[in-house]
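Take a look at the structure set out below.
Naming convention: chains lettered A, B, ... in sequence-line order (proteins, then strands); numbering from 1 in each chain.
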Number of protein chains: 2
Amino acid sequence: MSIHPNITALTALLAEKSRATILAALMDGKFHTASELAYMATIKPQTASFHLAKLEENNLVISEKNGRFRYFRIANDEVANTLEIFMSISPPPEVRSLKQSSQLKRLENARTCYDHLAGRVSVNLTNIMQEEGYLERCNKKFIVSAKGELFFRDLGVDLVGLSKKRRSFSHSCLDWSERTHHLGGALGNGLFERYIELGWIETKANSREIVITTRGKSGFKDFFGLEIQM
Amino acid sequence: MSIHPNITALTALLAEKSRATILAALMDGKFHTASELAYMATIKPQTASFHLAKLEENNLVISEKNGRFRYFRIANDEVANTLEIFMSISPPPEVRSLKQSSQLKRLENARTCYDHLAGRVSVNLTNIMQEEGYLERCNKKFIVSAKGELFFRDLGVDLVGLSKKRRSFSHSCLDWSERTHHLGGALGNGLFERYIELGWIETKANSREIVITTRGKSGFKDFFGLEIQM
DNA sequence: TCCATACTTCGATAAATATCGTATTATATA
DNA sequence: TATATAATACGATATTTATCGAAGTATGGA
């Protein structure tokens, strides 16, 4: 029984608590320094450096040097998507405190998945875009219809510019809290950045949490017909 | 950053070569003794026993005692499905010999996934059943249409009996070689057993490989319109 | 009753590796 | 130039754990 996909290579990297925490922290899609990540994983900088070297060696993260600092980030959206799948499979976190419980609720509502939106809001938006006929799901991708092209133009998203980026244009990404799919890829990222530009959503420091602003609530209502509670 | 799904619990179990091999071997859906699994993983029986205890403790496998023997099996189709997802994520196996290469090709063509059919043949059959309107994919399940009920009755599959089994009736299962979905659950199992009954397919000892018989080739052609090359 | 087989338990061992203290390099700032 | 900070390199340590030998338990067969 020597022939079977090599599951151990990836899982061994994720089986370590500190590395898993580092990767989970990086899933906010932002760059982070080694010291920041060390603090989040409650380990010394040397240890974080050791783990980050291993993660970069295995192409899970990439880094950019800038002066004294070195910024780390998830390598690409394939890695991010894979990590989301792992999270969807894993048992849900044990919630201890009330504070953690409400934080988890907010994360389940809206968070970043690498460089696009995830959580209930993202899943709802993706469903609406399908129901309205803007997107059609085919295999693991979404296809933008003619109607969709008009919609995205109205929203101010530059489809032509996005499609020039050399990456998956619109893959469907598994959502660990909703256990279904949301929109990822360049289009997911384009929408995400447009929402920020419009002031509909805001990112929070050191968290994957996304805040829907008042302007965002009316925006999502007007453009998508989506009522957001939280 | 304490709030994040607990990825380490599952991955730690899969990160070990011997355990991964044992689980991969059990993915043929059959019961296997501890000695058999020890032999397949090239470890001593004590070591296999140690791993199997761990796997059973974490509800990945179940066992039945029968005389001196103890038979182990994947716990349920959720576990099997999860393992398939892990395999689909993991890098493909390094093929060394010509023998391994042809074995891999046969596995990619048709193999068991827990207790139903997987591989190219299974994906093709599933697609055909959707195109012909026997099945409709909805969320993560397949729904049998009225037309489908007739089809399955003609094929000799007892839908009523299957639906009485207390398990997922017809979930869609991720295929690691084809990177798309095939039919699992009780219906997938029912079809699988019916194919064997009809003499269309044959299982091989100590392998997930499935052989399509000559009778099977004409059967799949007549009932599904599927030409099978291998 | 005796023996062989299947499996598990226990204890010892060896290997892997996460962690941190200390030291070093590189960069920014005063 | 001197000092503080960010990150890495190296060595030592401690912890974990997979592995196997030896022994023990349960079962089937001669």
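Note on A:Arg70: every side-chain N or O is 4.0 Å or more away from OP1 and OP2 of C:dA26.
Taking CG from B:Asp28 and CD from B:Glu209, the interatomic distance works out to 12.0 Å, rounded to the nearest 0.5 Å. Between the CZ atom in B:Arg19 and the CD1 atom in B:Ile43 there is a gap of 10.0 Å [rounded to 0.5 Å].
The distance from atom NE2 of B:His51 to atom P of C:dT8 is 13 Å, rounded to the nearest whole Å. To the nearest angstrom, P of C:dA16 lies 13 Å from CZ of A:Phe50. When the P atom of C:dT8 is taken as reference, atom NZ of B:Lys44 falls 16 Å away, rounded to whole Å. Put simply, CZ on B:Arg68 is 7 Å from C1' on C:dA4, counting in whole angstrom units. Taking atom CG of residue A:Leu52 and atom P of nucleotide C:dT19, one finds them 12 Å apart after rounding to whole Å. Protein atom CD1 of B:Ile43 is 14 Å distant from nucleotide atom C1' of C:dT8, rounded to whole Å. If you take CD of B:Glu56 and C1' of C:dC7, they are 13 Å apart, rounded to a whole angstrom. Put simply, CD on A:Gln46 is 11 Å from P on C:dT22, counting in whole angstrom units.
Salt-bridge formation is not detected for the pair B:Glu36/B:Arg70: no Lys NZ or Arg NE/NH1/NH2 atom is positioned less than 4.0 Å from an Asp or Glu carboxylate oxygen.
A donor-acceptor pair under 3.5 Å links the side-chain atoms of B:Thr11 to the main chain of B:Thr8, judged by distance alone.
Ranking C:dA18, C:dA26, C:dC20 by closeness to the A:Lys54 side chain, first place goes to C:dA18. Among the nucleotides C:dT8, C:dT19, C:dA6, the one closest to the side chain of B:Phe69 is C:dA6.
You can see that DNA chain D meets the heavy atoms of chain B within a 4.0 Å-exclusive cut from D:dA18 to D:dG28, reading 5' to 3'.
The aromatic rings of A:Tyr195 and A:Trp200 sit parallel, their planes meeting at an angle under 30°, below the 60° perpendicular limit.
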Verify side-chain hydrogen bond (donor to acceptor under 3.5 Å, both in side chains) between B:Ser63 and B:Glu56, making sure each step is shown before the conclusion.
CA-CA 8 Å; B:Ser63 68; B:Glu56 188 157 32; 2.9 Å; yes
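In A:Lys217, the NZ atom is crowded: over 12 heavy atoms of neighbouring residues, nucleotides or ligands sit closer than 6.0 Å.
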